[in-house]
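In what follows, a structure is listed as structure tokens, so that the remarks can point back to it.
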Amino acid sequence: MAQRISFDFRNAKIKASDADIEAMKPRVVAAKETLLGRTGEGNAFLGWIDLPVNYDKEEFARIKAAAAKIQSDSDVLLVIGIGGSYLGARAAIEALRHSFYNAVDRSVRKTPEIYFCGNNLSSTYVKHLIQVIGDRDFSINVISKSGTTTECSVAFRLFKEIMEKKYGKEEAAKRIYATTDKEKGALKTLSNEEGYESFIVPDDIGGRYSVLTAVGLLPIAVSGADIDKLMQGAQNARQYCIENDIENNDVMMYAVVRNVLRENGLGMEILANYEPALHYVSEWWKQLYGESEGKEDKGIFPTAVDFTTDLHSLGQFIQQGTKNHFETVINVLNPREEVIIGTEPVDLDGLNYLSGKTLDFINKCAMNGTILAHVDGGVPNIRIDMDTIDELSLGELFYKFEFACGMSGYVLGINPFNQPGVESYKKNMFALLGKPGYEEKTAELLARLEQ
């Protein structure tokens, strides 16, 4: 089974010796056994491990049918969700579809414009989105397991009101698709009462691992991407991750090397890409690793850069600033499109030496030159080679990142599948908003803010 995603660790060895790597291997082997044996903390949230081969085929067919309906009756799809409820879908759509998906004519795109909301509380953003929709036909996919997440609930209330005024309640209900808990919660209750078509957020899969569930698949399918191939890529990755031992398993070695670098004092991982289409893959990765590892004063801080763009803003710091970081670079071997540089009769810009060369060749030279410069500057580098940006490769990449994350969490000795710290800001926000039951905390927080 050919793999479309592979890892190269040679340039990480400037701060990860062979001895350190050998010492870490047994810890990662044990972490994999804990993960697959379902014996570690958070084991109730391991449904993602077998998801690529154990997904609900009936629901999968309903997702395709709902996507086809939205494609036929809507100019716009609004995806309402935050964190894991939208990042995976957005990552896939922006990676797999046209770089200017919402801007190109529908004759090129062939599917509805897709906009994401409920991921912030900006009145300006919402007002502008209302203006973008205008009087056009639209549908809503609201994604929330509880149905009470503030950002999502506020956005849904606003756009549901607009939709019901436009279509009436009965017709609006046919345009609202709820992805939520299978049995309980505010959104599930409303869906039952109003007759929204519902899809399931599985009980055993946390939000940041949910891209290959209905959470991600419905918006991805609406965009026209092939979700069968996306799942096939994940199936290929699952087989690879589970069946290969550490000596033949890049994913296990990724967990090894990044944890060696952490223990050697590098507490920040910078995910770099050289394709703008991968920007939201980086955003998805940041949540996956940040929310999974960042607890009990442990973890590697995940951040990301878009190169070559950010070489002109952050490149100097990465090269010669505080040495507390290492880089992981996604290298797309084969671009989907190609452009060739022409020749100017008068070489004023001095670029005729590039005549006949492809833009991707120039991009790769920038990438390789940067990797060598950063390594020379003492910054370790892990390179991930991705065959091309398509559904098979992306499904494989999603799964391999998830598997490595689960193992890394157990190496750290934490629960990689909870997020207790997230609740702190919510309690403070509810108190400051005056939510019933938070009166005592409201007084305390107001006093602190006035100090």
Side-chain angles (χ1 to χ4, degrees), residues 4-5 60 63-81 84-119 129 132-133 136-141 143 177 179 199 210-234 273-285 287 304 306 309 330 332-339 359-360 363 386-399 401:
R4 291 165 164 255
I5 304 294
F60 198 79
I63 288 169
K64 290 182 179 180
K69 179 180 180 297
I70 294 167
Q71 290 169 346
S72 69
D73 68 13
S74 299
D75 300 305
V76 173
L77 171 66
L78 291 186
V79 180
I80 300 177
S85 294
Y86 94 100
L87 280 171
R90 188 162 190 175
I93 292 167
E94 297 209 3
L96 298 172
R97 309 305 294 150
H98 195 286
S99 296
F100 303 94
Y101 178 87
N102 285 331
V104 294
D105 188 81
R106 182 146 184 169
S107 63
V108 176
R109 190 179 61 247
K110 303 186 186 306
T111 46
E113 294 168 27
I114 300 175
Y115 297 98
F116 296 87
C117 60
N119 52 64
L129 183 52
V132 166
I133 297 170
R136 295 185 293 168
D137 288 319
F138 72 104
S139 293
I140 292 173
N141 178 205
I143 307 166
Y177 302 83
T179 308
F199 300 94
S210 68
V211 59
L212 298 175
T213 71
V215 171
L217 292 178
L218 178 55
I220 294 168
V222 171
S223 79
D226 189 332
I227 60 174
D228 287 291
K229 289 183 178 178
L230 192 69
M231 293 298 284
Q232 182 62 55
N273 69 76
Y274 286 76
E275 289 288 346
L278 295 177
H279 173 82
Y280 268 92
V281 170
S282 297
E283 295 300 300
W284 170 85
W285 173 88
Q287 188 205 4
D306 299 322
T309 303
I330 301 179
V332 179
L333 298 174
N334 301 294
R336 287 180 294 175
E337 306 287 351
E338 195 50 279
V339 175
L359 193 53
D360 185 64
N363 197 27
M386 183 177 189
D387 182 64
T388 192
I389 302 177
D390 63 8
E391 289 89 343
L392 285 170
S393 296
L394 190 61
E396 185 178 325
L397 184 67
F398 279 147
Y399 191 91
F401 271 144

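All residue numbers in this chain count up from 1 along the given sequence.
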One should read off an interatomic distance between Thr179 OG1 and Ile80 CD1, to the nearest 0.5 angstrom, of 11.0 Å
Can you confirm whether more than 12 heavy atoms, excluding those of Lys69, are under 6.0 Å from its NZ atom?
yes
Rounded to the nearest 0.5 angstrom, the CH2-CG distance for Trp284 and Leu397 is 6.5 Å
For Asp137, the side chain to side chain contact (heavy atoms under 4.5 Å, CB included) test, sequence neighbours excluded, returns Asp75, Lys166, Tyr167, Arg175
Beyond-backbone contact of Leu278 with Val332, side-chain heavy atoms, under 4.5 angstrom:
yes
The reported gap from CG in Asp306 to OH in Tyr274 (rounded to nearest 0.5 angstrom) is 11.0 Å
Residues at least two apart in sequence or cross-chain that pass salt bridge (Lys or Arg N to Asp or Glu O under 4.0 Å) with Glu275, listed by chain then number, are none
**Asked** Does the side chain of Leu78 come within less than 4.5 Å of Leu129's, by heavy atoms?
**Response** yes
d(Phe138 CZ, Ile114 CD1) to nearest 0.5 Å is 15.0 Å
Sorted by chain and number, sequence neighbours left out, salt bridge (Lys or Arg N to Asp or Glu O under 4.0 Å) with Lys64 holds for Asp228
Salt bridge (Lys or Arg N to Asp or Glu O under 4.0 Å) filter on Arg109, not counting sequence neighbours, yields none
Here the pair of heavy atoms bringing Thr111 nearest to Ser223 is OG1-O, 3.2 Å
dist Tyr399:OH -> Met231:CE (nearest 0.5 Å) comes out at 10.5 Å
With sequence neighbours left out, the residues meeting ring-ring contact (aromatic ring centres under 6.0 Å, His included) with Tyr177 are none
Residue set satisfying side chain to side chain contact (heavy atoms under 4.5 Å, CB included) with Glu338, at least two apart, ordered chain then number -> Pro335, Thr358, Leu359, Asp360
In short, Met386 meets Ser393 closest at the heavy-atom pair CE-CB, 3.9 Å
Residues passing the side-chain hydrogen bond (donor to acceptor under 3.5 Å, both in side chains) test with Arg336, sequence neighbours excluded, are none
Taken in chain and number order and not counting sequence neighbours, the residues that satisfy side chain to side chain contact (heavy atoms under 4.5 Å, CB included) with Ala221 are Ile63, Ala67, Ile227
In short, ring pair (Phe, Tyr, Trp, His ring centres under 6.0 Å) pairs touching residues 91-114 with sequence neighbours left out are none
Here the gap from Glu113 atom CD to Ser74 atom OG, rounded to the nearest 0.5 Å, amounts to 11.5 Å
Q. Within the distance-only criterion (no hydrogens, no angle test), does the side chain of Asn334 pair as donor or acceptor with the backbone N or O of Asp387 below 3.5 angstrom?
A. yes
Next on the checklist: Please check this pair: side chain of Glu396 against backbone of Gly233, looking for a donor-acceptor N/O pair closer than 3.5 Å.
Outcome noted: no
**Prompt:** Looking at side-chain heavy atoms only, is the closest gap between Leu394 and Leu96 below 4.5 Å?
**Reply:** yes
Margin query: With a 4.5 Å cut-off on side-chain heavy atoms, are Arg4 and Asp390 touching?
Written below: yes
For Ala214 and Pro219 the tightest heavy-atom approach is O-CD, 4.2 Å
Residue set satisfying salt bridge (Lys or Arg N to Asp or Glu O under 4.0 Å) with Glu391, at least two apart, ordered chain then number -> none
Can you give me every donor-acceptor pair (side chain of residues 86-95, partner residue at least two apart or in another chain, under 3.5 Å) with its distance?
unit_1 : atom_1 : unit_2 : atom_2 : d
Arg90  : NE     : Glu94  : OE2    : 3.0
Arg90  : NH1    : Tyr280 : OH     : 3.4

By side chain to side chain contact (heavy atoms under 4.5 Å, CB included), Ser85 pairs with (sequence neighbours left out) Ile143
